[in-house]
Amino acid sequence: MASSDVLPRFFSVFLSQYNSNSFLIPRSYYDHLPRRLPKTVILMGNGGRSWKVAMKSKREQVYFEQGWANFVAENELKDGEVLTFVFDGHRRYEVSIYTRRGCKETRAAIEVEEISDETESGDNSCDSLVSVIQV
């Protein structure tokens with residue numbers, strides 16, 4: 001893969017004192033942002049969940065704002081954890097979370113639960129259905 005094929009990415013250490021309600025995108029990353037910022041972006045967690053987050057520019061700095069606090073709470077982010085962001089070039093960021101020990105974790109996962117679909121006549125034409133539940 002040529003270096004031009006690599007999706008833009010950055011990382012940041014989560015500090016609740018600064019990052020609980022909004023998240024400042026590193027200035028060194030601004031060249032990778034679209035000239036016209038989207039009003040919202042989608043953060044995709046590695047557990048399958050997604051969050052719609054507002055993207056704002058204030059005083060020549062770019063932030064994730066409205067919706068960011070939900071992302072923080074639902075992923076139970078702790079001080080010192082490292083977040084990596086991979087931008088698809090449009091409106092989506094894949095976000096991975098690493099513990100203070102450096103281990104990648106899956107948080108806010110979508111659970112898949114198998115349920116039986118037996119009819120009263122005993123017809124088992126479908127052995128099971130899969131239901132997706134968000135936790």
Side-chain angles (χ1 to χ4, degrees):
M1 180 186 288
S3 63
S4 62
D5 295 336
V6 175
L7 293 173
R9 59 194 70 222
F10 67 91
F11 74 93
S12 182
V13 176
F14 179 79
L15 298 171
S16 59
Q17 178 180 358
Y18 303 106
N19 304 131
S20 290
N21 296 314
S22 65
F23 177 82
L24 175 63
I25 295 173
R27 187 175 295 278
S28 60
Y29 189 75
Y30 291 1
D31 288 344
H32 299 289
L33 295 172
R35 288 199 186 281
R36 188 167 175 205
L37 289 178
K39 291 182 187 224
T40 60
V41 294
I42 303 297
L43 303 181
M44 299 292 300
N46 61 353
R49 296 273 313 271
S50 63
W51 294 264
K52 189 175 186 178
V53 175
M55 189 174 237
K56 303 276 185 180
S57 178
K58 290 193 256 182
R59 295 184 291 276
E60 298 183 25
Q61 295 182 314
V62 180
Y63 295 84
F64 292 142
E65 287 197 335
Q66 186 179 357
W68 174 256
N70 291 336
F71 175 83
V72 169
E74 292 176 19
N75 283 285
E76 300 176 358
L77 296 180
K78 298 172 192 70
D79 286 335
E81 292 182 324
V82 174
L83 307 175
T84 61
F85 297 81
V86 180
F87 184 44
D88 72 354
H90 302 287
R91 291 186 53 197
R92 185 182 340 199
Y93 288 84
E94 289 182 25
V95 184
S96 296
I97 302 166
Y98 294 83
T99 65
R100 287 175 275 193
R101 293 186 314 243
C103 299
K104 186 175 183 178
E105 283 199 346
T106 300
R107 306 245 180 107
I110 293 178
E111 291 185 7
V112 177
E113 177 183 316
E114 290 204 25
I115 56 175
S116 176
D117 186 33
E118 294 183 27
T119 61
E120 289 182 32
S121 65
D123 177 16
N124 291 335
S125 58
C126 293
D127 292 326
S128 65
L129 297 175
V130 175
S131 172
V132 177
I133 302 170
Q134 291 192 1
V135 266

Quick one: does [X]'s side chain have a donor or acceptor within less than 3.5 Å of a partner on [Y]'s backbone?
X     : Y      : value
Tyr18 : Leu24  : no
Asn46 : Glu105 : yes
Trp68 : Asn19  : yes
Asn70 : Ala73  : no
Arg9  : Leu7   : yes
Asn75 : Leu77  : no

For residues [X] and [Y], report the shortest heavy-atom separation together with the two atoms involved.
X      : Y     : answer
Asn21  : Ala69 : OD1-CB, 4.2 Å
Lys104 : Ser96 : CE-OG, 3.3 Å
Arg27  : Glu60 : NH1-O, 3.3 Å

Inset, instruction - Answer whether the closest heavy-atom distance between the side chains of Phe64 and Leu43 falls below 4.5 Å. - result: yes

Inset, instruction - Side-chain contact test, heavy atoms from C-beta onward, threshold under 4.5 Å: evaluate it for Phe14 versus Ser20 and give yes or no. - result: yes

Legend entry - More than 12 heavy atoms from other groups under 6.0 Å of CD on Glu76: no

Inset, instruction - Sort out for me which residue in Lys52, Met55, Gln66, Glu65 forms a side chain to side chain contact (heavy atoms under 4.5 Å, CB included) with Thr40. - result: Lys52

Legend entry - Derivation and outcome, ring-ring contact (aromatic ring centres under 6.0 Å, His included), residues Phe11 and Tyr98: CA-CA 10 Å; Phe11 74 93; Tyr98 294 83; 9.6 Å; no

Legend entry - Gap separating the CE atom of Met44 from the CZ atom of Arg49, nearest 0.5 angstrom: 10.5 Å

Legend entry - Approximate separation, where rounding is to 0.5 Å, of Tyr93 OH and Leu83 CG: 13.5 Å

Inset, instruction - Applying ring-ring contact (aromatic ring centres under 6.0 Å, His included), run through Phe23 and Phe85 and close with a yes or a no. - result: CA-CA 12 Å; Phe23 177 82; Phe85 297 81; 5.1 Å; yes

